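Worksheet: the structure to be examined is printed underneath.
These numbers were taken from a predicted model, which means no experiment stands behind them.
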Amino acid sequence: MKMIPKLSTIVLLALSCTGPEQTETPVGGTVQVSPAEIVLDFEEQETFLTVTSDSDWGTSVADPSWCSVSPTGGIKGETRVKVSVKKNLLTEDRANTITFRTTSSKVEIPVTQQTSSTGEAMFVPEGYELFWSDEFEGNRLDEASWTCEVGRGSNGWGNAELQYYTARPENVDVADGKLIITARKEKYEGAEATSARLITLGKVYFKYGYVTASIKLPKTADGLWPAFWMMGNDFKSKGWPNCGETDILEMGHQNGIRKGTQEKFLNGACHWGAPGHQYYSYDFTNSYSVQDGQFHTFTCIWDEDQIAMYIDLDTRPDAKPYFKMALKDFGDNEFRKDNFILLNLAVGGNFPGIWDINKVTALDDGPARMEIDYVRVFQKK
């Protein structure tokens, strides 16, 4: 009988602790974005969104290759966010999604960019779609894609080259829709000349594709060595030549100098290792000058079976390859793995066979420019 009051007390305490059902307050807040949709024409441009949130927020872009936002995050309150898009040179409209998030909510803003109706759409090879491109439409180098290598490398970048590569605007610039690499005869950091070398290592890399660049080449005679090429993205771990190297365009070789055909003489090459340094190269004398002050396209079509290289394939669909090599299981599968892109303008060295800056006649009349209108990578659908 004495236990009953104690049990009653426990029950009453339990009931008082349970009490009425509580509603949990969401943690992380909400975010609102205006306008709810973006539709733009094909031109490179900027537009703005207004983000209103009662907590910290962040954002992401589904395809950052052509659309970006700034800032990429904010705090409680109202924030104006800039949305930047590159020019759409595709033959169709393209779509993207910008997502704004707090810890407990998200808002997705669809972005549509229309295609050009004025004939500016890019050439897309049949059976391919665009993987990545740089059209150089802005006024500065896209550092999310490119790195400027600086210095003289080891033994003149392995080829006894004379230049010092810099990131100065005097040597590398983006203007008027072009990437401009300028070689100069000047004393700089112990070198007799300066120029630029750009790489996409660790930033833009891919396996297989239709790789093309539109380039206006300088007069190379004598001593300039422009190049558009690729190497394995495992360069830092494998080293050269086991990373593999594909030279899509090289001009200025000493054989062309001797023959007096510098403006038409070019070559393609592939280098690999295991065991040692192996390579296959082919010299070619084109039927017309590609140092005529005009832009020409240099294209590599690369798949698991072969590598083939072409001049002006976009406007001359019947063009024959100036270089072709069947692929096999090389020691480190150098040509069946991710590659990155390189662009550079060397001065002197083993390729032109000139190691004296005073014999580099190509710079006698002042600086020489290599201009790139675009670099594009297409992959099979």
Salt bridge present between Glu189 and Arg168 (N-O < 4.0 angstrom): no
Taking atom CG of Asn88 and atom CD of Glu44, what is their separation to the nearest 0.5 Å? 12.0 Å
Please name all residues satisfying side-chain contact (heavy atoms from CB on, under 4.5 Å) with Gln294, sequence neighbours left out, ordered by chain then number. Asp292, His296
Nearest heavy atoms of Phe48 and Pro35, plus distance in Å: O-CD, 4.0 Å
Answer yes or no: are there more than 12 heavy-atom neighbours, outside Asp365 itself, under 6.0 Å from its atom CG? no
Minimum heavy-atom separation for Phe131 and Tyr205, please, with both atom names. CZ-O, 3.7 Å
In terms of ring plane angle, is the pair Tyr210 and Phe378 parallel, tilted or perpendicular, where the classes change at 30° and 60°? perpendicular
Kindly determine whether Trp229 and Glu245 satisfy side-chain hydrogen bond (donor to acceptor under 3.5 Å, both in side chains), including the steps that lead there. CA-CA 7 Å; Trp229 47 308; Glu245 174 181 329; over 6 Å; no
Would you list the atom pairs, donor with acceptor, under 3.5 Å between side chains in residues 67-86 and any protein atom, with sequence neighbours excluded?
{"unit_1": "Lys86", "atom_1": "NZ", "unit_2": "Ser65", "atom_2": "O", "d": "3.3"}
{"unit_1": "Lys86", "atom_1": "NZ", "unit_2": "Asp142", "atom_2": "OD2", "d": "3.4"}

Which of Val290, Leu266, Leu224 passes side chain to side chain contact (heavy atoms under 4.5 Å, CB included) with Leu217? Answer is Val290
Taking all non-hydrogen atoms of both residues into account, name the closest pair between Gln114 and Asp93 and its distance. CA-OD1, 3.1 Å
Using a strict threshold of under 4.0 Å (side-chain N to carboxylate O), is an ion pair present between Lys219 and Glu263? yes
Show the nearest heavy-atom pair for residues Glu108 and Lys106, with the distance to one decimal. OE2-NZ, 3.6 Å
Quick check for you: to the nearest 0.5 Å, what is the distance between Ile301 atom CD1 and Thr212 atom OG1? 9.0 Å
Evaluate the side-chain hydrogen bond (donor to acceptor under 3.5 Å, both in side chains) criterion for residues Gln163 and Glu161: first the C-alpha distance (whole Å), next the side-chain angles of each, then the deciding distance (0.1 Å), finally the verdict. CA-CA 6 Å; Gln163 79 289 330; Glu161 299 163 30; 2.7 Å; yes
What's the verdict on side-chain hydrogen bond (donor to acceptor under 3.5 Å, both in side chains) for Ser133 and Glu135, showing C-alpha distance, side-chain angles and the deciding distance? CA-CA 6 Å; Ser133 76; Glu135 308 296 322; 2.9 Å; yes
Below 30° counts as parallel, above 60° as perpendicular, anything between as tilted: where do the rings of Tyr280 and Phe323 land? tilted
Look at atom NZ of Lys337 and say whether more than 12 heavy atoms of other residues, nucleotides or ligands are closer to it than 6.0 Å. yes
Give a yes or no answer on whether the side chain of Thr261 reaches the backbone of Lys264 with a donor-acceptor pair at less than 3.5 Å. no
Residues at least two apart in sequence or cross-chain that pass side-chain contact (heavy atoms from CB on, under 4.5 Å) with Glu126, listed by chain then number, are none
From CA spacing to verdict: side-chain hydrogen bond (donor to acceptor under 3.5 Å, both in side chains), Ser145, Asp134: CA-CA 8 Å; Ser145 297; Asp134 197 336; 4.9 Å; no
Does Tyr128 have Arg376 sitting over its ring (NZ/CZ under 6.0 Å from centre, angle to axis within 45°)? no
Residue Tyr282 excluded, over 12 heavy atoms near OH under 6.0 Å: no
Determine the minimum heavy-atom distance between Thr361 and Asp222, stating which atoms define it. OG1-N, 2.6 Å
Between CZ on residue Phe330 and CD on residue Gln278, distance to nearest 0.5 Å: 9.0 Å
When the ring planes of Phe284 and Tyr322 are compared, do they come out parallel, tilted or perpendicular, using 30° and 60° as the limits? parallel
